[in-house]
Amino acid sequence: MSMMKNSTAAAYPTPDPRVEMLVNELIGRVADKWTLLVLEELEEHGTCRFTRLAQLVPGISQKMLTQTLRAMERDGLVRRTVYPVVPPKVEYALTDLGHSLGEAFCGVWHWAEAHLAAVEAARSAFDARA
């Protein structure tokens, strides 16, 4: 059980173990930098082809982009559309679920903006002691 849950254990019933497992899996998924970057680019640019996503996410390999998109598709965050043309055309777009996850993590962005100076000061103080 996390520290947050321990401090409010009396206020909330015991969580459904399936929900707890999903939360842990999703934290692991979005903690992966590639998932967050792909989520961000799809949010900003809308539907994209694979090659366009590869251009938008600097440093990602073709293999890692493929793995990331498959995992996101499996979780229902991304919709993959294959068009029956030659050469094959495949597009990726965020689902409503993907958009809502992006909105949830928008709070982290706002937190970072609000606390940037404090974090930088703490890091500088720590580095000066080392």
Side-chain angles (χ1 to χ4, degrees):
M1 223 179 235
S2 74
M3 211 168 47
M4 247 167 66
K5 283 192 275 184
N6 283 337
S7 65
T8 59
Y12 296 102
T14 304
D16 181 331
R18 296 172 305 150
V19 171
E20 193 166 9
M21 187 170 73
L22 178 59
V23 168
N24 289 335
E25 289 172 357
L26 287 174
I27 288 171
R29 171 96 54 243
V30 297
D32 165 51
K33 81 174 189 177
W34 299 122
T35 298
L36 285 177
L37 292 173
V38 169
L39 187 75
E40 182 180 341
E41 295 303 338
L42 286 172
E43 188 69 57
E44 185 175 331
H45 297 281
T47 302
C48 290
R49 293 180 74 169
F50 185 91
T51 52
R52 179 69 176 136
L53 276 173
Q55 293 167 351
L56 292 170
V57 181
I60 194 166
S61 68
Q62 183 174 344
K63 179 182 177 182
M64 186 53 65
L65 181 55
T66 298
Q67 289 174 350
T68 300
L69 288 167
R70 282 186 183 156
M72 292 175 76
E73 184 181 8
R74 180 175 184 263
D75 287 340
L77 305 175
V78 167
R79 180 183 60 256
R80 180 177 182 259
T81 305
V82 180
Y83 297 92
V85 296
V86 176
K89 178 181 175 183
V90 180
E91 292 181 333
Y92 297 88
L94 289 179
T95 62
D96 289 343
L97 204 55
H99 285 293
S100 67
L101 183 61
E103 290 170 8
F105 279 92
C106 202
V108 174
W109 186 272
H110 293 299
W111 182 91
E113 284 179 331
H115 297 91
L116 176 64
V119 171
E120 287 177 338
R123 287 177 175 175
S124 293
F126 179 89
D127 292 345
R129 292 191 306 263

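When reading the values below, keep in mind they use all heavy atoms of this one structure, side chains included, and skip hydrogens, waters and symmetry mates.
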Look at the side-chain heavy atoms of Ile, Leu, Val, Met, Phe, Trp and Tyr, link any pair under 4.5 Å apart, and say whether Val85 and Val82 land in one connected group.
no
Residues two or more places apart in sequence or in another chain: which of them pass side chain to side chain contact (heavy atoms under 4.5 Å, CB included) with Glu103?
none
Atom pairs and distances, side-chain donor-acceptor, residues 88-98, under 3.5 Å, sequence neighbours left out:
unit_1 : atom_1 : unit_2 : atom_2 : d
Glu91  : OE1    : Tyr83  : OH     : 2.9
Tyr92  : OH     : Arg80  : NE     : 3.3
Thr95  : OG1    : Gly76  : O      : 2.5
Thr95  : OG1    : Leu77  : O      : 3.2
Thr95  : OG1    : Leu97  : N      : 3.3
Thr95  : OG1    : Gly98  : N      : 3.1

Nearest-0.5 Å distance that lies between atom CD1 in Ile60 and atom CD in Glu41:
10.5 Å
In Å, rounded to the nearest 0.5 Å, how long is the span from CG of Leu69 to OG1 of Thr35?
9.0 Å
Nearest 0.5 Å, please: how far is CG in Leu116 from CH2 in Trp111?
9.5 Å
Over all heavy atoms of both residues, which pair between Leu56 and Cys48 is shortest? Give the atoms and the distance, please.
CD1-SG, 4.0 Å
Value for CD (Gln62) from OG1 (Thr51), rounded to nearest 0.5 Å, stands at 10.0 Å
Got a second to check how far Leu65's CG is from Met72's CE, nearest 0.5 Å?
10.0 Å
